[in-house]
Amino acid sequence: MSARHWLLKVEPEVFSFADLWRAKKRTTAWGGVRNYQARNLLRDELAVGDGVLFYHSNAEPSGVAGVARVVRAGYPDPTQFDPRDESFDAKSSPAAPRWFAVDVQAVRALARFVTLAELRAEASLEGMELLRRGSRLSVQPVARTEWRTVLRLGASIGADLEL
DNA sequence: GCCAACGTTGGC
DNA sequence: GCCAACGTTGGC
C-alpha cells in the first residue's frame, strides 16, 4: 500500500489541534494506540512527508480540525515500557516492541472546521473509511480524492488546496 | 478453535 | 448517558 494521506483521530479533550499548534515545533508523538491494525499502519505504512487529517473524535462537534504531516516514521512507542503510563504493556519489551508511534507536525488549521455531518453529506466521500458503519480505527488511509475533497470543504474561498 | 463475556470506541 | 459495533480475553 502506498497511501500518502491519513486520518488520525484524537479526542480534543485529551489533545486538540490547538494543542498541537502550541506544542514545541508544532510537533507531537502520536501513539498510545493499542490496536493491531492501527499498529501495523503506524509501523509499516506512515512515511515522513505523508499528509494527515487531524480529526477530533468524541467531540461537540466531531470533525476535521487541521492538516498535519508525518515528520518521523514509525518507532517503538515509549509509553508501552513505562509502568506508570496508562498505556503500559507488560508483555512488550524493547527487544520486541509491540506498539508504535509516529511524530506529526501541524501544517495549518483548516479555514473552516469540517464536521462529521458535513463529511456525511458529501456524496463523493461515501466510501471514506471514517464514514463506514462501525468504523473505529484511529489511523485510517485517506484516498487522494478524499483528501482533496476534505481540504476543499475546509478551505476558505481561494485558499491553496495543496499541502 | 469456538464463542460468550467483557471492555472500548465514539456517534448520538 | 445510552448503546451499537467491534476487538480482545479466556474458559472449555
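Letters go in sequence order (proteins before strands), and every chain restarts at 1.
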Visitor: Salt-bridged, R152(A) to E122(A), with N to O below 4.0 Å?
Guide: yes
Visitor: Applying side chain to side chain donor-acceptor pair (under 3.5 Å), can you list everything that pairs with T115(A), at least two apart in sequence or on another chain?
Guide: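 Applying side chain to side chain donor-acceptor pair (under 3.5 Å) to T115(A) gives E118(A).
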Visitor: What are the 5'-most and 3'-most nucleotides of DNA chain B lying under 4.0 Å from any heavy atom of chain A?
Guide: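 Listing 5' to 3', DNA chain B meets chain A from dG7(B) to dC12(B).
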Visitor: Under 4.0 angstrom, heavy atoms only, what part of the nucleic acid is S138(A) near: base, sugar-phosphate, or nothing?
Guide: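 Since no nucleic acid heavy atom lies under 4.0 Å of S138(A), the category is nothing.
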Visitor: Would you name the heavy atoms of Q140(A) and S135(A) that are closest together and state the gap between them?
Guide: NE2-OG, 3.2 Å
Visitor: Would you call the rings of Y36(A) and W99(A) parallel, tilted or perpendicular if under 30° counts as parallel and over 60° as perpendicular?
Guide: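 The rings of Y36(A) and W99(A) sit tilted, inter-plane angle from 30° to 60°.
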Visitor: Is the side chain of R4(A) donor-acceptor paired with the backbone N or O of R144(A) at a distance under 3.5 Å, no angle test?
Guide: no
Visitor: Quick check on DNA chain C: between N35(A) and N58(A), whose nearest nucleotide comes earlier from the 5' end?
Guide: N58(A)
Visitor: Applying a 4.0 Å non-hydrogen cut-off, can you work out what R120(A) is touching in the nucleic acid: base, sugar-phosphate, or nothing?
Guide: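 Here R120(A) touches the backbone only, sparing every base.
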